[in-house]
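Below is one structure, written out as structure tokens; the observations come after it.
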Amino acid sequence: MSILSWIIIGALAGWIASKIMGTDEQQGGLGNIIVGILGGVIGGWIMSFIGKTGVNGFSLWSFIVALIGSIVLIAIFKAIRK
């Protein structure tokens, strides 16, 4: 997967995850991209535990995995900040 695909999927996943978790105003555009890319890594790691593939290209499945990972990352970050 190219770096441009990581950025696009990361931006979308990070933005939607921040909307779901209520942190969009705090993160900004670059924060959404970073959260989305890290979320893709975390989501892929989580999926490997249940025997599924992680982010494997520009697809809906990759987006869902990145979104799940982004939500988990934001939840962990919110728990630490409290």
Working to the nearest 0.5 angstrom, can you tell me the gap between L12 CG and S70 OG? 10.5 Å

For V65 and W61, run side-chain contact (heavy atoms from CB on, under 4.5 Å): C-alpha distance rounded to whole Å, both residues' side-chain angles, the deciding distance at 0.1 Å, then the answer. CA-CA 6 Å; V65 169; W61 176 251; 3.5 Å; yes

Any side-chain to backbone donor/acceptor pair from K78 onto T23? Under 3.5 Å, distance only. no

To the nearest 0.5 Å, what is the distance between CD1 on I33 and CD1 on I9? 13.0 Å

Taking C-beta and beyond as the side chain, do F77 and L73 meet within less than 4.5 Å on heavy atoms? no

Only one of I42, I74, L30 passes side-chain contact (heavy atoms from CB on, under 4.5 Å) with V35, and that residue is I74

Value for CD1 (I76) from CD1 (I71), rounded to nearest 0.5 Å, stands at 12.0 Å

Side chain to side chain, I16 and F63, heavy atoms closer than 4.5 Å: yes

